[in-house]
Amino acid sequence: MSRLLRTGLNAGSAAPLVVGGEGVYFHLSDGRKVLDGSNTGGPLGHGHPRMAAALREAATLPMVSEGWNWRGRDAAAERLFEVGLSEEAHWAGAVRFCLSGSEANDLALSLSQALTGRKAIATRERAYHGLVGLSRDVTVQPHWHGGLASPGETKVPPPGAQVHVLPAPDGALYLADATPSAGSAAERLAGEAGKLAQSAAVIVDYTQGGFYHDAAYQDAMAELARRNGALWIADEVVTGLGRAGRTFAFTGGHSRPDIVTLGKGLGGGMAPVAAIILSRDVLAELDGKSWQNYGTLRGHPMAMAAVSAYLDILVEEDLLARVAALETLFARRLREIAGRHPSVARVAGQGLHWTIELFGPDWRDWRADTVEAPIASRVAAGALAQGAVIGTSGEQVSLFLAPPLIISEQEAETLLGILDENLCLADREHNMTMEGARG
């Protein structure tokens, strides 16, 4: 019996045992190699030799807390601005490193409250921003609130701040039912000014729940926030520095955020690390003030070595161009796949992050409080049996693909082929549901 506390995304769920990995493959305890098709924290796959070398060297460094200066931390900050923000010098101010995307979002939100004197926060529909403090409050998917789910019951801890929810973007690559547009982004957000006038900040991410923001939505939201005195936080924990096919997803629009948060892939999948980037304007607000929070292990020398190594690899292996090319492949193939499967309601994505949403119950009603695996989990289980990891984030009818940025076209085709085959399970269940409704 293991002494390690294990918990799954759904009540009663279990996960395979990983014993190793190389490139885009996991090695499992039963001897199988499975293609890693859904891992936002592993942009370079597993065991990248240059990352491993950087961490071996960093293992000889002293432990330096956030309260002390460390040249490796300054070097990582400079490299982040050189690689990720080289064309953003007109607004980008400074970076602070921390431990996780959840922590980064919590720190960004609490700073916004301190700067504006407002307590409420705004986010968009179906958002996920983490499970720590204020980041948990602005996570509006009901199965992601850090509570306790058991069969037939979910206990959710109370929120710490009032949250205003804005309409989500409605763009998609594929829609089974051609639902008429609900109007332009500006029209859809026009009635939300009152919410932002009460909010310290509006925080938006670029992938969660299968919503991928376009420039029009971002710019309309940013303008509304500016007019109503709310700060805009771009949550790039998933998309920043590679996965969107450009340095940051927000660069697709004209607007620029007050604060950016990073995490997941920032350490190349080899070290847990996150960051908060402040605009020049927000940085000026801190002049002469002490930002009163501290983390012993923030900016740890091992993490800083991983950040610098990852940024070097991102440039030298031209990974942004690779992702941009693979985006075209995924868009074409996923449109074809969706058209063949009546169970697929919607496909959306960008870069190397794609969501396939199936027909089924509304996401607002899913609390992961059942032992029975939902349809998305069963499709993912079938894919795993055939040699590929496809993600669900514990959602009932939503699958997502987020392979390492180093995946080849051939490996991508293998992943998409396995998805295609296993969607037949969802088709059978969908057809039975439709026949029952007609009967």
What distance do [X] atom [atom1] and [Y] atom [atom2] have between them, rounded to the nearest 0.5 Å?
{"X": "Ile337", "Y": "Arg332", "atom1": "CD1", "atom2": "CZ", "result": "10.0 Å"}
{"X": "Ser38", "Y": "Leu352", "atom1": "OG", "atom2": "CG", "result": "11.5 Å"}
{"X": "His430", "Y": "Leu358", "atom1": "NE2", "atom2": "CG", "result": "9.5 Å"}
{"X": "Ile390", "Y": "Leu399", "atom1": "CD1", "atom2": "CG", "result": "6.5 Å"}
{"X": "Arg256", "Y": "Phe248", "atom1": "CZ", "atom2": "CZ", "result": "10.5 Å"}
{"X": "Gln386", "Y": "Thr414", "atom1": "CD", "atom2": "OG1", "result": "11.5 Å"}

Identify, with sequence neighbours excluded, every residue that meets salt bridge (Lys or Arg N to Asp or Glu O under 4.0 Å) alongside [X].
{"X": "Arg428", "answer": "none"}
{"X": "Glu66", "answer": "Arg96, Arg298"}
{"X": "Arg378", "answer": "Glu429"}

Determine whether [X] and [Y] make a side-chain contact, defined as any pair of heavy atoms from C-beta on separated by less than 4.5 Å.
{"X": "Leu166", "Y": "Glu125", "result": "no"}
{"X": "Thr247", "Y": "Leu85", "result": "no"}
{"X": "Val389", "Y": "Leu415", "result": "no"}
{"X": "Thr239", "Y": "Gln350", "result": "yes"}
{"X": "Met304", "Y": "Phe97", "result": "yes"}
{"X": "Val397", "Y": "Pro374", "result": "no"}
{"X": "Leu334", "Y": "Tyr174", "result": "no"}
{"X": "Ile259", "Y": "Ser279", "result": "no"}

Do [X] side-chain atoms and [Y] backbone N/O form a donor-acceptor pair below 3.5 Å?
{"X": "Ser199", "Y": "Ala230", "result": "no"}
{"X": "His353", "Y": "Leu401", "result": "no"}
{"X": "Trp232", "Y": "Ser255", "result": "no"}
{"X": "Asp137", "Y": "Ala161", "result": "yes"}
{"X": "Thr139", "Y": "His129", "result": "yes"}
{"X": "Arg335", "Y": "Leu173", "result": "yes"}
{"X": "Arg246", "Y": "Ala249", "result": "yes"}
{"X": "Ser135", "Y": "Val132", "result": "yes"}
{"X": "Asp106", "Y": "Leu134", "result": "yes"}

Neighbour count above 12 (heavy atom, 6.0 Å) for [X] [atom1]:
{"X": "Glu22", "atom1": "CD", "answer": "no"}
{"X": "Glu409", "atom1": "CD", "answer": "no"}
{"X": "Glu336", "atom1": "CD", "answer": "yes"}

Does the pair Val18 and Leu28 meet the rule for a side-chain contact (heavy atoms from CB on, under 4.5 Å), with working shown? CA-CA 5 Å; Val18 176; Leu28 304 185; 3.9 Å; yes
What closest approach, in Å, do [X] and [Y] show between heavy atoms, and which atom pair accounts for it?
{"X": "Val307", "Y": "Ala76", "result": "CG1-CB, 4.1 Å"}
{"X": "Val379", "Y": "Leu425", "result": "N-CD2, 4.0 Å"}
{"X": "Ile375", "Y": "Ala426", "result": "CD1-CA, 4.0 Å"}
{"X": "Ile407", "Y": "Leu326", "result": "O-CD1, 3.5 Å"}
{"X": "Cys98", "Y": "Glu103", "result": "CB-OE1, 2.9 Å"}
{"X": "Ala385", "Y": "Arg32", "result": "CA-NH1, 3.8 Å"}

Residue list, side-chain hydrogen bond (donor to acceptor under 3.5 Å, both in side chains) with Thr355, at least two apart or on another chain: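 Applying side-chain hydrogen bond (donor to acceptor under 3.5 Å, both in side chains) to Thr355 gives Tyr212.
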Trp91 ring center near Phe250 ring center (under 6.0 Å): yes
On the 0 to 90° scale, with breaks at 30° and 60°, tag the Tyr217-His213 ring pair as parallel, tilted or perpendicular.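 It falls in the tilted class, 30° to 60°.
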Mutual orientation of the aromatic rings belonging to His143 and Trp366 [parallel < 30°, tilted 30-60°, perpendicular > 60°]: tilted
Got a salt bridge between [X] and [Y], using NZ or NE/NH1/NH2 to carboxylate O under 4.0 Å?
{"X": "Asp362", "Y": "Arg364", "answer": "yes"}
{"X": "Glu395", "Y": "Arg126", "answer": "yes"}
{"X": "Arg124", "Y": "Asp205", "answer": "yes"}

Judged by modelled atom types alone, do [X] and [Y] share a side-chain donor-acceptor pair under 3.5 Å?
{"X": "Asp427", "Y": "Ser343", "answer": "yes"}
{"X": "Ser398", "Y": "Glu357", "answer": "no"}
{"X": "Thr370", "Y": "Glu372", "answer": "yes"}

Side chain to side chain donor-acceptor pair (under 3.5 Å) assessment of Asp420 paired with His341: CA-CA 8 Å; Asp420 191 3; His341 293 281; 2.5 Å; yes
Starting from the C-alpha separation in whole Å, work towards a yes-or-no answer on side-chain contact (heavy atoms from CB on, under 4.5 Å) for Val202 and Ile233. CA-CA 6 Å; Val202 55; Ile233 302 169; over 6 Å; no
Identified side-chain contact (heavy atoms from CB on, under 4.5 Å) partner of Leu262 from the options Ile277, Ile276, Val237: Ile277
Show your reasoning for whether side-chain contact (heavy atoms from CB on, under 4.5 Å) applies to Phe81 and Glu88. CA-CA 8 Å; Phe81 270 68; Glu88 305 292 325; over 6 Å; no
By the side-chain hydrogen bond (donor to acceptor under 3.5 Å, both in side chains) test, which pairs, at least two apart or in different chains, include something from residues 40-55?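 Checked against side-chain hydrogen bond (donor to acceptor under 3.5 Å, both in side chains) - neighbours excluded - the pairs reaching residues 40-55 are Asp36-His46, His48-Glu317, Arg50-Glu316.
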Which pairs count as side-chain hydrogen bond (donor to acceptor under 3.5 Å, both in side chains) when at least one residue sits in residues 258-272, sequence neighbours excluded? Asn105-Thr261
Might you work through the side-chain contact (heavy atoms from CB on, under 4.5 Å) test for His164 and Leu196, ending with a clear yes or no? CA-CA 8 Å; His164 299 300; Leu196 290 178; over 6 Å; no
